[in-house]
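Just below is one structure, and these are the notes that go with it.
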Amino acid sequence: MSTVTFGVVPGYGEKLHAALGYSGAVRVGDRVEISGQAGVDDDLVIPDSLEDEIIQAFDNVERTLATVGATWKDVIHVNSYHKVAPGDDVIGDDHNAVMAEQFRRRLGGRAPIWTETGVTVLGLAAMRVEIRVTAIVGSGN
C-alpha cells in the first residue's frame with residue numbers, strides 16, 4: 001500500500017487550509033497532485049500586473065510541490081485557468097507569452113502536457129490565473 005502525504009505551504013497555504021479546510025498538495029507514492037495555485041503572496045494579495053501574478057503563481061506551484069518533496073522538473077501535466085471576459089473566444093498572448101517563458105525557465109527543457117482553459121471567474125475576484133500540476137517525483141532526473 002502506498003503512503004499518502006498531504007502538504008500545506010507555510011503562509012498563504014496555512015491561511016487557506018484554516019479557512020477552507022483543504023491541503024495544497026498530496027503525494028501518493030511518487031505521484032503528486034496539487035490544488036490550483038493562485039498568484040498571491042502570503043497575505044493573499046494579488047499583484048497589479050498580470051505578468052507578476054503569473055510568475056507568483058509559478059512560484060507558488062514550486063512552493064507547494066516542495067511540501068511533498070517534488071519540483072517543477074518532476075511535472076508531467078499542467079492545467080492552467082485564465083480569466084477572460086464573457087464572450088471572449090481566446091486566451092490572450094499577454095497570458096501565453098508569460099506562461100511559455102516560465103515553462104522554459106523552470107522546466108529545464110522538459111515539455112509536460114498542458115491544458116489551458118479560459119474561465120470567467122476564479123476563487124478570488126481579482127485573480128486572473130490559477131495553475132495546478134501533476135508530478136512524478138524523480139521523473140525529471
Side-chain angles (χ1 to χ4, degrees), residues 2-141:
S2 294
T3 301
V4 176
T5 305
F6 291 95
V8 176
V9 174
Y12 74 89
E14 293 168 327
K15 288 177 182 171
L16 293 170
H17 179 76
L20 301 173
Y22 72 93
S23 297
V26 63
R27 179 173 174 169
V28 181
D30 61 359
R31 185 181 180 91
V32 173
E33 300 283 345
I34 70 165
S35 62
Q37 298 299 302
V40 297
D41 66 15
D42 284 338
D43 294 317
L44 302 177
V45 174
I46 298 166
D48 290 333
S49 88
L50 174 64
E51 179 176 6
D52 289 345
E53 181 181 351
I54 293 171
I55 291 169
Q56 184 66 55
F58 271 80
D59 288 346
N60 290 345
V61 167
E62 187 171 310
R63 290 175 68 189
T64 304
L65 288 166
T67 67
V68 291
T71 72
W72 265 107
K73 290 193 166 99
D74 298 314
V75 170
I76 61 167
H77 182 197
V78 177
N79 286 99
S80 62
Y81 305 92
H82 303 265
K83 193 174 204 178
V84 297
D88 279 1
D89 60 359
V90 68
I91 295 167
D93 286 340
D94 53 343
H95 287 255
N96 288 330
V98 180
M99 293 290 294
E101 175 59 30
Q102 291 302 304
F103 284 150
R104 286 185 195 98
R105 187 168 92 63
R106 295 172 191 261
L107 290 162
R110 187 176 189 137
I113 60 174
W114 177 26
T115 302
E116 182 181 37
T117 304
V119 298
T120 56
V121 297
L122 289 164
L124 298 171
M127 284 173 61
R128 293 163 288 191
V129 67
E130 186 169 356
I131 302 169
R132 72 158 309 281
V133 304
T134 301
I136 305 296
V137 176
S139 66
N141 296 335

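Side-chain atoms are counted along with the backbone in the values below, which use heavy atoms only and exclude waters and symmetry mates. Fair warning: this is a prediction, and the values are worked out from it, not measured in the lab.
Across all non-hydrogen atoms, the minimal contact from Val68 to Gly7 is CG1-N, 3.8 Å. Taking all atoms of both residues into account, the shortest heavy-atom contact from Gly29 to Ser2 is N-CB, 4.0 Å. Listed here is the closest heavy atom pair of Gly36 and Glu130: CA-OE2, 3.3 Å. Annotation for Thr134 and Glu33: closest pair OG1-OE1, 2.8 Å, computed over non-hydrogen atoms. Between Gln37 and Ser35, the shortest heavy-atom contact is NE2-O, 3.0 Å. The nearest pair of heavy atoms linking Ile34 to Val61 is CD1-CG1, 3.9 Å.
Inter-residue side-chain proximity for Ile46 and Arg128 is flagged as met; some heavy-atom pair is nearer than 4.5 Å. Put simply, the side chain of His17 reaches to within 4.5 Å of the side chain of Ser23, judged on heavy atoms. Between Val8 and Thr67, every side-chain heavy-atom pair lies at or beyond the 4.5 Å cut-off. Under the 4.5 Å side-chain criterion, counting only non-hydrogen atoms from C-beta, Arg105 is not in contact with Trp72. Proximity of Ile91 to Val84: side-chain heavy atoms (C-beta onward) are separated by under 4.5 Å at one or more points. A heavy-atom distance below 4.5 Å is not found between the side chains of Leu65 and Asp74. Looking at heavy atoms from C-beta onward, Ile136 lies in side-chain contact with Asp30 at the 4.5 angstrom threshold. The closest side-chain heavy-atom distance from Val98 to Leu50 is not below 4.5 Å.
Expressed to the nearest 0.5 Å, how far CG of Asn96 lies from NE2 of His82 amounts to 6.5 Å. Taken to the nearest 0.5 Å, the OH atom of Tyr81 stands 8.0 Å off from the OG1 atom of Thr115.
Of the possible donor and acceptor atoms, none in the side chain of His77 sits under 3.5 Å from a partner among the backbone N and O of Val133. With hydrogens and angles ignored, the 3.5 Å screen pairs no side-chain donor or acceptor of Arg27 with any backbone N or O of Thr3. Put simply, the side chain of Gln102 never gets that close to the backbone of Ile54: no donor and acceptor are under 3.5 Å apart. Side-chain N or O atoms of Lys83 include one that pairs as donor or acceptor with a backbone N or O of Ala125 at under 3.5 Å. A donor-acceptor pair under 3.5 Å is formed between the side chain of Asn60 and the backbone N or O of Ala38.
Inspection of the Ser80 and Glu116 side chains reveals no N or O donor paired with an N or O acceptor under 3.5 Å. No donor-acceptor contact under 3.5 angstrom links the side chains of Glu62 and Thr64, judged on distance only.
In this structure, Phe103 and Trp114 have perpendicular ring planes: the angle between them is above 60°, well past the 30° mark.
Within 6.0 Å of NZ in Lys15 there are more than 12 heavy atoms belonging to other residues, nucleotides or ligands. No more than 12 heavy atoms of other residues, nucleotides or ligands lie within 6.0 Å of CZ in Arg104, so this atom counts as exposed by the packing criterion.
One finds a salt bridge joining Asp42 and Arg63 here, because a Lys/Arg side-chain nitrogen approaches an Asp/Glu carboxylate oxygen to under 4.0 Å. For the pair Asp59 and Arg106, the salt-bridge criterion is met [side-chain N within less than 4.0 Å of a carboxylate O].
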Problem set entry | Residue pair Ile131, Val78: steps toward the side-chain contact (heavy atoms from CB on, under 4.5 Å) verdict | CA-CA 7 Å; Ile131 302 169; Val78 177; 4.0 Å; yes
